[in-house]
Structure formats: C-alpha cells, structure tokens
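What follows is one structure encoded as structure tokens, with my remarks underneath.
Throughout, protein chains are lettered first and strands after them, A, B, ... in sequence-line order, and every chain is numbered starting at 1.
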Protein chains: 2
Amino acid sequence: MRIGELAAQAGMSRDTIRFYEKVGLVTGRRLANGYRDFPPEAVPWLHYVRTAQTLGFSLAEIARHGEELREAPDSAQALSVLFEQKIQVIDARMAELATLRAELATRVDTGCPLRAIGRPS
Amino acid sequence: MRIGELAAQAGMSRDTIRFYEKVGLVTGRRLANGYRDFPPEAVPWLHYVRTAQTLGFSLAEIARHGEELREAPDSAQALSVLFEQKIQVIDARMAELATLRAELATRVDTGCPLRAIGRPS
DNA sequence: CTTGACCTTGGACCGTACTCCACTGTTTAG
DNA sequence: CTAAACAGTGGAGTACGGTCCAAGGTCAAG
C-alpha cells in the first residue's frame, strides 16, 4: 500500500504520515522505485494512533508503547501486561475527569461563579 | 498581589503569568512603580485555567470563555449553561476513554496484538 | 510521447504554550 | 549603604505536531 492510499484510509495527509515515519510511529519498506510501501496493518495502527492522541497521549508515548509491543510480540502474557498498564493510565485519566466533572456539576446547581472554581484545599 | 505571590499561589512561573497577561488570560492593574498588581480572584481563576487546559481547551478558548463570563457576570443561568457545555465535553472524553479501555480489556483476555486494534467498520 | 497523477527529498514555516536570558529598575533587611 | 530579593522589558529559544513548497523522479492512459 502506497502512501496516498494509506493517507486516505487513515484519514490524514501524506505529509503527516511521512512525519510519523520520521519519528518512528509507522514503518514501511521501500519499493524498487523508492516509493514507501506500507502493510495493511498500518491502517488500524494509524487509527489507533489518532485515538490515543485524542486521549492525551503524546506521539512519543504512543511510539514507545508501539515499540514495547514489537519487542515482545509473541508473548500473549507480555501483551496483556502492557494492555493492563494502559488501562490503568486510562482509569487514572477517567478519575481526573470525574473529579472535574463533579466540581462543575456543583457549580451548575449553585450558579457559583467561576472565580470560586478550583479552590481546593 | 504582586506577580511572585500569584505565581506561588497559582502554582506556575512568573513568566507563565506574564505570558498569560500578554494573551489576555489574566489582567491586573499596575502599581506606581510599574509592578503588576493582581486581585485575589486571580488565584482561583488561574487554577481554573489549569483545569480547563487539562480538559483540552486551548488558552484562546479559555480566554474567550472568560470574556463571555465577564460580559454576563451576574447571570447564574449563563454560567450554568457554560458549565453544562464543559460537562458535555468531559462526558464525551470519558466515553472515548471507556471505548478504548474496553478494546484494551478485550486484548488482555485474548492476548490479541495491537495491530488488530481500531479495526472498526 | 506527453499529460497528469502519483511519488521522492529537504527545508522553511506555522501555531501553541511556554521558558530562559540579559539587562535594568525597586524594594527591603541588616 | 549595600546586598539580596523582587520586579520590569524585549527577544531568543524550545518542544510538539504538523503543514507547505519547490524541484524533481515514476508510471499509466491516451
């Protein structure tokens, strides 16, 4: 799969994919003519990258997670550990959001002005 | 309140506060000697800025919301609307997280590698 | 054999959000 | 009176995440 098709499938620009390749987020082989050739798995992987990004993970973090996965690719147990770690990160993020949500919900009821927000301990 | 104390109270650097003033996120008067003088409300406001930021709002958005609030400062209802909007943003983010979490949880059980993640529709 | 769509590279540029620096002025404590 | 601790300014630099562009190579269709 060449870069244009991958870009279309992943919903991002060719430039972005080249940038991602540069920072190690995607890898592909080269055809004889120098064109990049990506495997079909690149499509779901890039979708995953977008998702993780909107969840607040930096490209560096995402790349690192990807490498960890590639380093222990055949151990289902190793994979499970990694997934569990990620889930913990997600749970922490969700807890933060829940706290903020509760704070805001209180203000909705009281009409308490913004200046009083975030006045914790 | 001078910039150093505000920085300490708000948990950010003086430079950051000067930067925020430059982009209109905080305003303060000036003392005779040229020093900035911030009102006490600047402290919770900056805490709020930090909060909103972690929710994914850009400084420009936060500044704009702040202006909207200053334009209708005595309407508890207007405030509630804004808070409700923010809560919706939070809920959307939490839902996304829950989705990713569920995806990952599935992989934990199956040991199915990441390349199969995000293979939607 | 040209046209157009695709690909390559390197490098410049952008917006966001700071962070650091040098140099200078002000205030406060001993 | 002096030294430290604070304040001011302007401007450069950083990190991240792209985005755009020019100059050129490749390939399939007409």
Side-chain angles (χ1 to χ4, degrees), chain A residues 1-40 42-43 45-67 89 93 96 100 118, chain B residues 1-40 42-43 45-67 86 89 93 96 118:
Chain A
M1 180 185 268
R2 287 178 310 177
I3 197 169
E5 196 189 340
L6 179 57
Q9 301 268 318
M12 52 184 69
S13 73
R14 294 163 175 80
D15 273 340
T16 299
I17 290 174
R18 290 191 196 105
F19 173 72
Y20 282 1
E21 194 195 42
K22 198 159 61 187
V23 300
L25 256 178
V26 269
T27 43
R29 53 189 212 89
R30 293 298 182 121
L31 299 173
N33 57 15
Y35 288 14
R36 288 172 184 80
D37 183 37
F38 297 99
V43 176
W45 167 250
L46 288 181
H47 278 294
Y48 168 73
V49 169
R50 269 280 172 274
T51 304
Q53 218 184 349
T54 69
L55 294 177
F57 295 96
S58 70
L59 295 186
E61 282 176 299
I62 299 168
R64 192 160 35 73
H65 287 159
E67 294 226 342
V89 172
R93 243 172 250 268
E96 272 183 84
L100 293 164
Chain B
M1 180 186 266
R2 288 180 309 178
I3 196 169
E5 196 189 340
L6 179 57
Q9 301 266 318
M12 52 185 69
S13 73
R14 295 164 178 80
D15 273 341
T16 299
I17 291 174
R18 288 191 197 104
F19 173 73
Y20 282 2
E21 194 196 41
K22 197 158 63 187
V23 299
L25 256 179
V26 269
T27 43
R29 53 187 212 91
R30 293 297 181 122
L31 299 172
N33 57 15
Y35 287 14
R36 288 170 183 82
D37 183 37
F38 296 99
V43 176
W45 168 251
L46 288 181
H47 278 293
Y48 167 73
V49 169
R50 270 279 174 273
T51 303
Q53 225 184 343
T54 69
L55 294 177
F57 295 97
S58 69
L59 295 187
E61 282 175 301
I62 299 168
R64 193 157 37 72
H65 286 162
E67 295 228 341
K86 280 193 178 212
V89 171
R93 239 170 253 272
E96 274 184 86

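Residue order along DNA chain D, read from the 5' end via each residue's closest nucleotide, puts A/D15 first among A/Y35 and A/D15.
Nucleotide D/dA7 holds its P atom 11 Å from the CG atom of B/D37, rounded to whole Å. Going from atom CG of A/L59 over to atom C1' of D/dT19 covers 14 Å, rounded to whole Å. Atom CD1 in B/I3 sits about 17 Å away from atom P in C/dT26, given to the nearest Å. As rounded to whole Å, 13 Å separates atom P of D/dT26 from atom CG of A/L31. Residue B/L6 contributes atom CG, which lies 15 Å from atom C1' of D/dC6 at whole-angstrom precision. Atoms CD (A/E5) and P (C/dA5) sit 18 Å apart, rounded to a whole Å. Atom CD in B/Q53 sits about 10 Å away from atom C1' in C/dT16, given to the nearest Å.
Residues from residues 17-25 of chain A lying near DNA chain D, meaning a heavy-atom separation below 4.0 Å, are A/F19, A/Y20 in numerical order.
To the nearest 0.5 Å, atoms NE2 (B/H47) and CZ (B/R50) are separated by 10.0 Å. The CG atom of A/L46 sits 10.5 Å away from atom CD1 of A/I62, with the distance rounded to the nearest 0.5 Å. One finds the CZ atom of B/R2 at 8.5 Å from the CD atom of B/E5 (value rounded to the nearest 0.5 Å).
Contact annotation: B/R30 reaches the phosphate of D/dT9 (side-chain N/O to OP1 or OP2, under 4.0 Å). The phosphate of C/dA17 (OP1 or OP2) has no side-chain N or O of B/R50 nearer than 4.0 angstrom. B/T16 has a side-chain polar atom (N or O) that falls below the 4.0 Å cut-off from OP1 or OP2 of C/dT19. Contact annotation: A/R36 reaches the phosphate of C/dT8 (side-chain N/O to OP1 or OP2, under 4.0 Å). For B/N33, a side-chain nitrogen or oxygen approaches OP1 or OP2 of C/dT27 to under 4.0 Å.
At least one side-chain heavy atom of A/L59 sits less than 4.5 Å from a side-chain heavy atom of A/F19. Counting heavy atoms from C-beta outward, B/W45 and B/L25 have side chains that approach closer than 4.5 Å.
Taking each heavy atom of B/I17 and B/F38 in turn, the nearest pair found is CG2-CZ, 3.8 Å.
None of A/R14, A/R29, A/R36 except one satisfies the salt bridge (Lys or Arg N to Asp or Glu O under 4.0 Å) rule with A/E21; the exception is A/R36.
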